[in-house]
4 protein chains.
Amino acid sequence: MPTNKKPQVTAPKKSTAPAPQRRRELLDTAAEVFAEQGYNATTVRKIADHAGMLAGSLYYHFDSKESMLEEILRSFLDELWDGYDAVLDAGLGPRETLEALVTESFREIDRHRAAVAIYQKESKQLAPQERFAFLAESQRKFQKAWLSTLERGVAARVFRADLDVRLTYRFVRDTVWVAASWYRPGGQHSPEEIARQYLSMVLDGIAVREEPL
Amino acid sequence: MPTNKKPQVTAPKKSTAPAPQRRRELLDTAAEVFAEQGYNATTVRKIADHAGMLAGSLYYHFDSKESMLEEILRSFLDELWDGYDAVLDAGLGPRETLEALVTESFREIDRHRAAVAIYQKESKQLAPQERFAFLAESQRKFQKAWLSTLERGVAARVFRADLDVRLTYRFVRDTVWVAASWYRPGGQHSPEEIARQYLSMVLDGIAVREEPL
Amino acid sequence: MPTNKKPQVTAPKKSTAPAPQRRRELLDTAAEVFAEQGYNATTVRKIADHAGMLAGSLYYHFDSKESMLEEILRSFLDELWDGYDAVLDAGLGPRETLEALVTESFREIDRHRAAVAIYQKESKQLAPQERFAFLAESQRKFQKAWLSTLERGVAARVFRADLDVRLTYRFVRDTVWVAASWYRPGGQHSPEEIARQYLSMVLDGIAVREEPL
Amino acid sequence: MPTNKKPQVTAPKKSTAPAPQRRRELLDTAAEVFAEQGYNATTVRKIADHAGMLAGSLYYHFDSKESMLEEILRSFLDELWDGYDAVLDAGLGPRETLEALVTESFREIDRHRAAVAIYQKESKQLAPQERFAFLAESQRKFQKAWLSTLERGVAARVFRADLDVRLTYRFVRDTVWVAASWYRPGGQHSPEEIARQYLSMVLDGIAVREEPL
DNA sequence: CATGAATGAGCATTCATTCAT
DNA sequence: GATGAATGAATGCTCATTCAT
C-alpha cells in the first residue's frame, strides 16, 4: 500500500502516466498545503505552485478547490471506516475494541496526516454544508462506535463507572486525533508505539499506582 | 509589550461612555465571530454587523483586523499567565501543581472560550510572524512549565517513569485545551467539575483498577 | 416597495447626493455598454471605466453584473407596462388600440433605447433562468395584448381576415421593436413621427393604391 | 477575398472520407450552437461536445473559433449574393424585384437559419473588425440594392412617395430578416408561403381596404 | 485525426482598508 | 464616532489555444 507520490510499480509500455495516479498526486499535494496553511488561506495558485503548474491547469483535473477538499476528506474517511468497521465487526471485548480503535486511529494519522489535520481544523465549518453532509454522517457513526464501546466497558466493569461517559468519550476522541497536529511520519516513534503509550496513559493514568501489597 | 492606539488618556469632553469599555465590547464581539467562523473566513463586515455598525467604522477603534486578533490573544495570554504564574510560584508539589494548572486552564477556557478556540486554531500559522512572536514566547514558557512539573513528578516517583515525558506532555496539554472546542459556559458541568474528572482520567486512567486486596 | 439596500428612512440633512440617483446613473451607464457590446462581451471593468471608477467599486452598489442586468430590464418593463396598461384599459377600438400601442412602443424605445436593445438581444437566453422569469411573464402578457387586439380587429373587419394572425403578430411586433437597433434619440424623426410612418406602412402598405374611382 | 486553409487540393493518400465534408459538418454544428447560445457564450468545448470530439481536436480543422465564425458567415453571404445578384440582374420592374428579393430572403432563412440568426445578432459588433470587413461590404451592397429598388418604385409610382424612403428601407429589411429569430424549417408554413403573406402585408398593409365602389 | 494535459490571459467577485463628510 | 463611497490587490475560475503523443 503505497503512501507517497510515485508508486510507479510497472511502467506502462507507451503511455506516460495513467490519469488516476496524477489525480492522486495532485490531491496529496493539495492536502499538504491545506493542512499547513488552512483551507481558506490556501490559494489555488499555491497548490499549483507546489504541483509545478499554473493555477488554471488544476481545473483540468478538478471542478473546484472545494471539490479537491471534498475528495481528500472523503477518501480519508472511506479508508478510516474500512479499518474501523473491521475492528467493530471482529467481536472483541470492550477493552480490546478500544485498544484496536486507538491503534487503528494512529495508523490512519500516519497514513493520512494531512487529511486528518484538515478534518480537525475544518470539519466544524464544513459539516453543515450539503456537500459535506458525509462529515456529519461520519461523526455520528464515530460517536456511536466509541460511545457504545465505552458503555459496554462500563457495563462489563472494565471501564470506570464513576466518570461521565460523554466526557470520557470526548477525552479519548480528542486526545487521539489531536495528535495529528504534531505527528510527523518517520519520527522517532512508530504509530503503534505512540498508540501503546497513549493507551497506557488513557487506561491506567500517568500517576504512579500504589503497589497492591 | 506595546499595544497600539490605546484609548486617549484625556477623557473626551462630552462623551458619556468611557472608550475602553466600548473597545472591550467590540473585541469580545470580534473574538466570538473569529472563534465561530475562523479568522480568515471572518470578514470585517461580519464583525461590524454583529456590533451594529459599518465595516469602515471599526477602523476608528482599531488599526486593522489583525490588530484586533492580536489584542484578543494578547489579553487572553496575559490573564492566563497571571493565573499560571500564581500556581507556579506557590511552591506546590508536582502532583498538586499539575492539578492546579489543569484547574486553572479549565477556568480560563470558561472565561475566554472564544480566545482559547482562536488560539487553538490559528496559533500555528500566526506564531512565525514577527507580530505574533509573543505566541511562540508563551508556548515556550508553557512547555517549560508543564515539562518541568512532569519531570519533577517523575523524579519524585509520583508520575510514571516508563512513559516518554514529551509524549506525556503533549497528551496532557492537548487533552486539556482541546476541550475549548466543545465547552460551552453555563453547561451542565462547571469548569471545576470538568477539571476534576479530567484529572481523574489523566492521573488514574479510565480502566478499572484491580482491588489491592 | 423599496428595491434597494439602504432604506434611509429620513434623509440626513447634509448628505451630498441621494443614493438612488447614483444607482440610476450607474445603471444607465451599464445599460449603454451592455447595449453596445452585448451582455457577455461587456466586462465589469468596461462598465466601471465608463463610470470613472474601479471594477470592484461597482460592488458597493450592486450585487453582481447579473443583478445590474436584471434591474435594467425590470425597470424598463415596469415602465413599459405602465404605458401599455393605460392604453389597454382605455376602451379603444382595435385599430386605435394598435395605433396607441405602436406609438407607446416608439416612445419607450426613445426613453429606454439601451434597455430595449438589450432586451432584444438577450431575452431569449435569459428567459429560461429562474431569475429572469419576469421576462417570460412579460412576453406572455405582451403576446396576449397584441394578439387579442389583432383578433378583435379581424372580428370587427378593420383588419384583414386573410392573413395568419400569428404571423401578423410577429410581423408587427418585430417590425416595431427592431427599430431600437438603429434608432438614436435626437435624430431627425421624433418617436411620434416614426410611429406615424410605421403605422401607415403597417396598416396601408407601401404600395400605391389604385385610385377608387 | 481570401479565405484561409482551404481543404488541400491534393487528396490525402490514404484517407477515405473527403475532408471538406467533415469540415462542413463541423461548421453546421458550430453554427447551430452559435445561433442558439450566442457567439461569445459558446465555448469551443460545447461545439466539440456536439461534434463528439474534444475541444483541442477542432484545431486540427480550424485555426480558431473566430475563423469558424468567419467561414460560416462568409459562405452564407456568398450564397445569399448568388441569389440576390440573379434577381437584380434579371431586369425586373421595381415591384417584381422587391417581391423576388423578399422571396429569395425567406429561402435563405430556410436554408441557413443558423447563419442568419448569427448574422443578425453579431454583425454589428463584428463589422468594424478588419477580419469581418466583408460584412460591412455586404451591408453596403445590400442597402444599395434595396434602396435603389424602392427609389425606382417611387419614381415609377408603384411605391408610395409620401414615406421617408430610408425609413421604408429599414422597415422592409428588418421585417424580413428578423423572421430568422422565430422561423423553424419544416414548420407549418413554407418559406414561399411566409414570403407571400409578408409581401401582402408590406405592400398592401394589414388594414381592410375600403371597397372601391 | 484525435486525445490529454497544460498554458496564460482575462474575468467576476471579495475584502481589508482609506477618507472626506 | 460613524457613514458612504471608493480603492486596489488578490482570489477562484473560465476558456481559447497549443502541442507532444
Side-chain angles (χ1 to χ4, degrees), chain A residues 14-19 22 26 40-48 51-66 68, chain B residues 12 14-15 17 19 22 40-48 51-68, chain C residues 5-6 8 12-19 22 26 40-48 51-68, chain D residues 12 14-15 17 19 22 40-48 51-68:
Chain A
K14 287 195 170 187
S15 139
T16 48
R22 184 82 176 106
L26 292 172
N40 278 308
T42 298
T43 71
V44 164
R45 272 168 184 78
K46 273 184 214 152
I47 300 173
M53 48 168 44
L54 289 174
S57 308
L58 282 173
Y59 289 80
Y60 179 78
H61 301 276
F62 304 98
D63 284 347
S64 64
K65 182 183 162 188
E66 209 181 44
M68 298 178 76
Chain B
K14 290 195 166 184
S15 146
R22 185 85 176 101
N40 278 306
T42 298
T43 70
V44 167
R45 225 186 129 226
K46 269 185 217 154
I47 301 172
M53 48 169 51
L54 289 177
S57 309
L58 280 173
Y59 286 79
Y60 177 82
H61 301 275
F62 304 97
D63 283 349
S64 65
K65 183 183 165 190
E66 211 180 42
S67 80
M68 300 179 76
Chain C
K5 294 182 186 174
K6 332 225 160 120
Q8 249 176 344
K13 286 167 200 174
K14 290 197 168 180
S15 144
T16 48
R22 185 82 176 105
L26 292 172
N40 278 308
T42 298
T43 71
V44 164
R45 268 172 188 76
K46 275 184 213 153
I47 300 173
M53 49 168 44
L54 289 174
S57 308
L58 282 172
Y59 289 81
Y60 178 79
H61 301 275
F62 304 98
D63 284 346
S64 64
K65 181 182 162 189
E66 209 181 45
S67 79
M68 300 179 75
Chain D
K14 288 195 166 184
S15 148
R22 185 83 177 107
N40 277 307
T42 298
T43 69
V44 167
R45 224 186 130 226
K46 272 184 214 153
I47 301 172
M53 49 170 50
L54 289 177
S57 309
L58 279 173
Y59 287 79
Y60 177 83
H61 301 275
F62 304 97
D63 282 349
S64 65
K65 184 183 164 189
E66 210 180 41
S67 80
M68 300 179 76

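Each of D:A55 and A:K46 has a nearest nucleotide on DNA chain F; the 5'-most of these lies closest to A:K46. Place C:T43 and C:G56 on DNA chain E by their nearest nucleotides, and C:T43 ends up nearer the 5' end. Taking for each of C:N40 and B:A41 the nucleotide of DNA chain E with the nearest heavy atom, the 5'-most of the two is the partner of C:N40. Looking at which nucleotide of DNA chain F each of C:L26 and A:S64 is closest to, the 5′-most match is held by C:L26.
Within the structure, a side-chain polar atom (N or O) of B:H61 is placed less than 4.0 Å from OP1 or OP2 of F:dA2. Residue D:Y59 places at least one side-chain N or O closer than 4.0 Å to OP1 or OP2 of F:dT17. The side chain of A:S57 places an N or O atom within less than 4.0 Å of a non-bridging phosphate oxygen (OP1 or OP2) of E:dT7. The phosphate of E:dA5 (OP1 or OP2) has a side-chain N or O of A:Y60 nearer than 4.0 angstrom. The phosphate of E:dA6 has OP1 or OP2 within less than 4.0 Å of a side-chain N or O from A:R22.
Across all strands shown, E:dA20 pairs with F:dT3; the Watson-Crick or G-U wobble distances both stay below 3.5 Å.
Of all heavy-atom pairs spanning A:A41 and B:N40, the tightest one is CB-ND2, 3.5 Å. For the residue pair A:A51 and A:L26, the shortest heavy atom distance occurs at CB-CD2, 3.6 Å.
If you measure from atom CG of D:L54 to atom P of F:dC15, you get 16 Å, rounded to the nearest angstrom. The distance between atom CZ of D:R45 and atom P of F:dC13, rounded to the nearest whole Å, is 16 Å. The CG-C1' distance, from A:L58 to F:dC15, rounds to 15 Å in whole Å.
At a threshold of 4.0 angstrom between heavy atoms, the contacts of C:S67 with the nucleic acid are absent.
Checked against F:dT11, F:dT3, E:dT17, the side chain of B:K65 finds its nearest nucleotide in E:dT17. The side chain of A:M53 lies closest to E:dT7, out of E:dT7, E:dA5, E:dA16.
A:M53 contributes atom CE, which lies 14.5 Å from atom CZ of A:R45 (distance to the nearest 0.5 angstrom). To the nearest 0.5 angstrom, D:L58 atom CG is 10.0 Å from D:S67 atom OG.
Between D:M68 and D:I47 there is a side-chain heavy-atom pair separated by less than 4.5 Å.
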